[in-house]
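Shown next, in structure tokens, is the structure this report addresses.
Note: hydrogens, waters and symmetry copies are ignored here, and every other heavy atom, side chains too, is used.
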There are 2 protein chains.
Amino acid sequence: MAPPTETLTAERILEATEDVLRRHGPAKATVVDVARALGVSHGSVYRHFRTKAALREAVTKRWLDRTSQKLAGIVDADGSPQERLRAWLAGLFEAKRHKAGDDPELFATYTVLTDEVGTVVGEHIADLTGQLTRIIAAGAGSGAFPVPDPAAAARAVFQATGRFHDPHYARAWTAPGVDEEFTAVVDLLIRGLSSPSR
Amino acid sequence: MAPPTETLTAERILEATEDVLRRHGPAKATVVDVARALGVSHGSVYRHFRTKAALREAVTKRWLDRTSQKLAGIVDADGSPQERLRAWLAGLFEAKRHKAGDDPELFATYTVLTDEVGTVVGEHIADLTGQLTRIIAAGAGSGAFPVPDPAAAARAVFQATGRFHDPHYARAWTAPGVDEEFTAVVDLLIRGLSSPSR
DNA sequence: CAGCTGACAGATTTCAATATCTGTCATTCC
DNA sequence: GGAATGACAGATATTGAAATCTGTCAGCTG
């Protein structure tokens, strides 16, 4: 169970933590468990993370960042701003839905963790709306999205699509007809962004 | 504590239940408490409601219906479809925010109850989107909202504004800037509905 | 000496015994 | 006879004592 004597690094601790969370769930995962999985004393874990909460935050950040990175590629991809916006929103929905569907228990675990909010979730959302802003700003430049304030528009789009990325709605993502609902909302928003008036 | 010998009616039981919920919260409110508040045995309560769950559902339905009724007045009010749509969405947001702000504990109590979903919440949402559909259909008739399927558009609008009526977001309703966020989302949606293309 | 350990105090969680609650129904009351 | 009661069985919640966990730190180890 104890792996060969590699140096104990924050990264290795995070991997072990993810493992322990997957096995025991958020309620029963202890830092003693994490230490045991690494073959060290729990005191050593506290050398790298000041508190259990900090450890949980770090592991949550890792998880969220994986999604951000996947989407970052779409921001500067080819295609019109409309196409990129649509692809980005679809990518976000798809990523979340996939995570929720593949391993519901792990997804539930991370949903609990994200609810123990620190600043991590807020930063993740800021990151995502930042990506959205860049797409919409490109459209503002080209005249495709005649909006006065791309950042405000990005926030509005992000909030309006919450039902398709907020984990609270995860159960609804398997219902028949969600894809049509998603398309209906996105169409409406893109038409709103594209509308010249005002 | 026992009121004068009126006949025991479902309505009186619901009033007492609301009271008990307000006092004890959702976790500790028992049907024995309700019976005691009415000065009857708990067996009598079971004559009117088959189970505790049914009683909770009924009291929740009452609470939700009060909001529906307030909004129903706006559907057939004067003004253009745009104006009525805006007023209706603002009314929904205002009603929810008011309930949440006035008595946070009671609101939290009902949030718990609505999460114990039966069919009640679904019916409430169907009711609300029905009202929305009527406004949008009026706009479709007059050419103000050139949409092919008013009911689908209504669902999209309802879902896109979830952040401003779904109780899960109640904490965000007191943050500074929510009103601007609300306006930004609603503007975007109304522009989308008004856009002739497609 | 830098990194790790393990014993410790206080906080939190678990577990099992006890108390309360839900839902039923034979009986009482008007 | 229709409505209400209260005793009852099984399910659920509460409680307090014991076990475990978190976070610290003096000392060990390589």
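- One can place CZ of Arg36(A) at 14 Å from C1' of dT22(D), the figure rounded to the nearest angstrom.
- Between Arg50(A) atom CZ and dT24(D) atom P the separation is 9 Å, expressed in whole Å.
- At a cut-off of 3.5 angstrom, the base of dG6(D) holds no donor-acceptor pair with the side chain of His42(B).
- If you check the side chains of Lys52(A) and Thr30(A), you find no donor sitting under 3.5 Å from an acceptor.
- In this structure, Arg155(A) fails the cation-pi test against Phe158(A), since its NZ or CZ atom is not both closer than 6.0 Å to the six-membered ring centre and inside 45 degrees of the ring normal.
- Summarising the geometry, the separation between NZ on Lys52(B) and C1' on dA13(D) is reported as 10 Å, rounded to the nearest angstrom.
- Comparing Gly43(A) and Asp33(A), the nucleotide of DNA chain D nearest to each residue sits closer to the 5' end for Asp33(A).
- Atom-to-atom, NE2 of His48(B) to C1' of dA4(D) comes out at 9 Å; the value is rounded to the nearest Å.
- Between Ser41(A) and Val32(B), it is Ser41(A) whose nearest contact on DNA chain C lies nearer the 5' terminus.
- Neither side chain, Glu105(B) nor Tyr110(B), offers a donor N or O lying under 3.5 Å from an acceptor on the other.
- Here the P atom of nucleotide dT22(D) and the OH atom of Tyr46(A) are 5 Å apart, to the nearest Å.
- Proximity of Ser44(A) to the phosphate of dC4(C): no side-chain N or O atom is located under 4.0 Å from OP1 or OP2.
- Going from atom CZ of Phe49(B) over to atom C1' of dA4(D) covers 17 Å, rounded to whole Å.
- Rounded to a whole Å, the NZ atom of Lys28(B) is 18 Å from the C1' atom of dT22(C).
- Residue whose closest nucleotide on DNA chain C sits further toward the 5' end, between Val40(A) and Ala27(A): Val40(A).
- The nucleotide whose nearest atom lies closest to any side-chain atom of Thr30(B) is, among dC21(C), dC4(C), dG23(D), dC21(C).
- Listed nucleotides dC4(C), dA4(D), dT22(D) differ in distance to Arg47(B); the shortest reach to its side chain belongs to dA4(D).
- Rounded to an integer number of Å, the gap from NE2 of His24(A) to P of dT14(C) is 12 Å.
- Checked against Leu188(B) for a side chain to side chain contact (heavy atoms under 4.5 Å, CB included), the options Val157(A), Val147(A), Ile190(A) give a single hit: Val157(A).
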**Check against salt bridge (Lys or Arg N to Asp or Glu O under 4.0 Å), Arg163(B) and Glu181(B)** = CA-CA 10 Å; Arg163(B) 164 166 247 260; Glu181(B) 291 177 354; 2.9 Å; yes
